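In this text, all values refer to a predicted model and were calculated from it rather than measured experimentally.
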Amino acid sequence: MLFYQKINKQSSPKKLNITLSSARQNNFMGYYIAPRFLDKLAVHITKNFLKLPGVRVPVILGIHGRKGEGKTFQCQLVFEKMGIEVTNISGGELESPDAGDPARLIRLRYRETAELIKVRGKMCVLMINDLDAGAGRFDEGTQYTVNTQLVNATLMNIADNPTDVQLPGSYDSTPLHRVPIIVTGNDFSTLYAPLIRDGRMEKFYWEPNRDDKVGIVKGIFEADGLSQKEVEQLVDTFVNQSIDFFSALRSRIYDEQIRNYIHQVGFERVSLSIVNSVEGPPEFKKPDFRLSHLIESGNFLVGEQKRVENSHLVDDYNRLNRGRNSQSTQPAAVTPINQPSSNGATQEAKTNGFQKQEASSTHLSLDTQAQIRQLLSQGYKISIEHVDERRFRTGAWQTCVHSHIDAESDAISNLESTLTEYSGEYVRLVGIDPKAKRRVVETIIQRPNGKN
């Protein structure tokens with residue numbers, strides 16, 4: 001299937017061969033593989049199996065991006081295309097009632113994969129899905145446990161010594177085969193910073209462009225007879241939706257036939273007619289995949305999304321709880337103070353690419369109040385964190401509020417209380433995107449004793 005070019009019958013044989021070769025590279029088993037994704041994954045895996053003199057190759061490739069953009073599925077297609085065997089670990093396996101079990105699991109699966117490479121004589125990789133969900137720390141509702149620490153430390157150790165990975169309680173001096181590790185997630189800023197540093201983890205932000213989306217959606221509706229133009233129109237109609245939206249849309253088209261079948265056999269007989277039927281499972285004719293019907297069903301899905309986004313019931317409940325247990329303090333307007341460094345220049349710090357503003361006052365400056373209003377007006381939520389001087393060097397910030405704040409009065413009240421309670425510590429304001437579940441800004445607004 002050709003996604004980007006329409007071959008003219010009068011094209012030269014050389015041009016025709018190039019076009020067909022390009023199409024085959026981007027299409028596997030009827031599904032589209034994004035060229036950028038294929039290139040990044042293939043280069044990383046291949047590079048880990050080569051011995052390049054004087055080159056330190058990162059073992060871990062971190063693929064991150066918005067939810068539902070097909071990171072895991074694209075990886076599976078690349079593995080199938082390259083003939084690579086995969087050992088999988090889920091983010092849900094990175095926590096356990098028993099301390100040390102997840103770290104041991106990672107070491108065990110790594111050694112098993114290294115043995116597969118030796119026995120099968122082919123490329124194998126270790127893949128950890130949703131690493132940030134299992135080992136990251138999003139907010140005050142996420143506990144930082146012993147297992148979280150051990151998982152981060154284990155991955156760091158493997159990245160530093162990929163041929164010497166031992167199981168607890170035993171030691172084998174035989175070097176292992178190097179195993180590339182692929183991890184996926186939405187927000188890697190929630191992970192332990194030394195783990196994701198360059199040299200240990202190579203980062204790849206996956207955000208499919210329009211051509212990628214058209215190719216992937218074309219593969220989803222391949223058997224349904226949608227033309228290239230109709231696929232493009234469908235993608236352009238729901239331009240802000242992720243890839244999984246279109247998979248859910250195709251699944252929803254079958255609902256009408258299934259509903260009719262349930263009414264036809266009766267609710268009481270559905271179980272027997274499907275699970276334990278002598279006649280076999282029911283068969284359905286091809287549903288209505290006309291573009292107008294797809295857009296109508298897609299608009300219904302978008303409406304359901306908006307209802308979820310606009311409900312905010314949990315925030316309302318938590319705000320009531322905060323109202324019972326917290327005391328508010330009237331904010332006072334204070335002129336912001338810039339702390340000069342020893343050379344007379346105003347010093348600035350950055351976290352995650354965002355600038356931090358410094359102030360030593362225990363009350364909110366006008367700039368801080370304006371920043372709070374700006375974050376809330378953009379639909380972001382606010383959290384507040386503090387840390388003492390000793391833990392500041394390791395980045396071990398602690399949250400001060402029980403839930404994310406989405407009201408200006410609550411934000412000002414909680415921030416004033418925090419500045420007073422932790423007057424001798426660092427305090428920072430955090431802006432959080434609730435949809436992408438990632439931090440968009442971190443601003444230090446207080447430093448201990450007014451020091452830079």
Side-chain angles (χ1 to χ4, degrees), residues 40-41 43-50 52 54-66 71 75 89 91 94 102-103 106-107 109-110 125-139 142 144-166 176 178-207 347-356 385 387 389-398 426 428 430 432 436-444:
K40 190 67 177 181
L41 211 57
V43 169
H44 176 80
I45 294 172
T46 305
K47 191 163 61 172
N48 269 276
F49 282 90
L50 297 174
L52 302 175
V55 177
R56 180 178 175 84
V57 179
V59 173
I60 305 174
L61 172 63
I63 305 173
H64 60 122
R66 287 200 317 160
K71 296 180 287 293
C75 285
I89 297 178
L94 301 182
I106 293 174
R107 292 177 178 274
R109 297 266 172 92
Y110 185 93
V125 300
L126 176 64
M127 183 168 184
I128 305 177
N129 287 296
D130 304 311
L131 176 64
D132 55 339
R137 190 174 187 185
F138 290 90
D139 51 33
T142 309
Y144 199 81
T145 66
V146 171
N147 281 324
T148 310
Q149 293 176 318
L150 292 178
V151 165
N152 281 288
T154 298
L155 289 173
M156 289 165 57
N157 175 250
I158 293 175
D160 293 339
N161 304 283
T163 61
D164 184 18
V165 179
Q166 306 297 331
L176 297 174
R178 185 186 182 100
V179 179
I181 300 177
I182 312 297
V183 301
T184 65
N186 298 122
D187 185 3
F188 283 170
S189 68
T190 62
L191 298 174
Y192 187 48
L195 170 62
I196 64 174
R197 70 166 173 80
D198 296 330
R200 284 189 176 134
M201 180 187 292
E202 185 176 2
K203 276 80 68 180
F204 174 50
Y205 185 78
W206 170 236
E207 184 176 21
Q347 193 174 22
E348 297 176 345
K350 291 186 177 180
T351 299
N352 294 339
F354 294 96
Q355 202 172 45
K356 297 177 181 176
E385 298 177 341
V387 68
E389 290 189 78
R390 180 176 64 86
R391 289 180 175 153
F392 176 77
R393 292 190 290 271
T394 61
W397 291 82
Q398 295 178 302
Y426 293 87
R428 74 180 178 187
V430 181
I432 299 172
K437 292 185 177 180
R438 66 181 180 86
R439 299 180 175 210
V440 295
V441 65
E442 295 174 337
T443 303
I444 293 183

Considering residues at least two apart in sequence or located in another chain, which fulfil the side-chain contact (heavy atoms from CB on, under 4.5 Å) criterion with [X]?
X      : value
Arg390 : Asp388, Arg393
Ala193 : none
Ala153 : none

Is there any salt bridge (charged side-chain N to carboxylate O under 4.0 Å, His left out) pair reaching into residues 178-199, and which pairs are they, with sequence neighbours excluded?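 Passing the test, one end in residues 178-199: Asp198-Lys203.
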
Salt bridge (charged side-chain N to carboxylate O under 4.0 Å, His left out): which pairs involve residues 148-164, sequence neighbours left out?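 Non-adjacent pairs meeting salt bridge (charged side-chain N to carboxylate O under 4.0 Å, His left out): Arg56-Asp160, Asp160-Arg200.
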
Can you say whether the rings of Phe392 and Trp397 are parallel (under 30°), tilted (30 to 60°) or perpendicular (over 60°)?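 The rings of Phe392 and Trp397 stand perpendicular, inter-plane angle above 60°.
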
With sequence neighbours excluded, what pairs up with [X] under the side-chain hydrogen bond (donor to acceptor under 3.5 Å, both in side chains) test?
X      : result
Asn157 : Arg107
Lys437 : none
Asn147 : Glu95

List the atom of Ile60, the atom of Ala159, and the distance in Å for their closest heavy-atom pair.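 That closest heavy-atom pairing would be CD1-CB, 4.2 Å.
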
Just jot down the ring-ring contact (aromatic ring centres under 6.0 Å, His included) partners of His64, sequence neighbours excluded, or say none.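 His64: ring-ring contact (aromatic ring centres under 6.0 Å, His included) contacts with Phe188, Tyr205.
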
Just jot down the ring-ring contact (aromatic ring centres under 6.0 Å, His included) partners of Phe204, sequence neighbours excluded, or say none.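 For Phe204 the ring-ring contact (aromatic ring centres under 6.0 Å, His included) partners, ignoring immediate neighbours, are Phe37.
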
Heavy-atom check, side chain of Lys40 versus side chain of Trp206, under 4.5 Å: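 A side-chain contact is absent here, since even the closest heavy-atom pair is not under 4.5 Å.
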
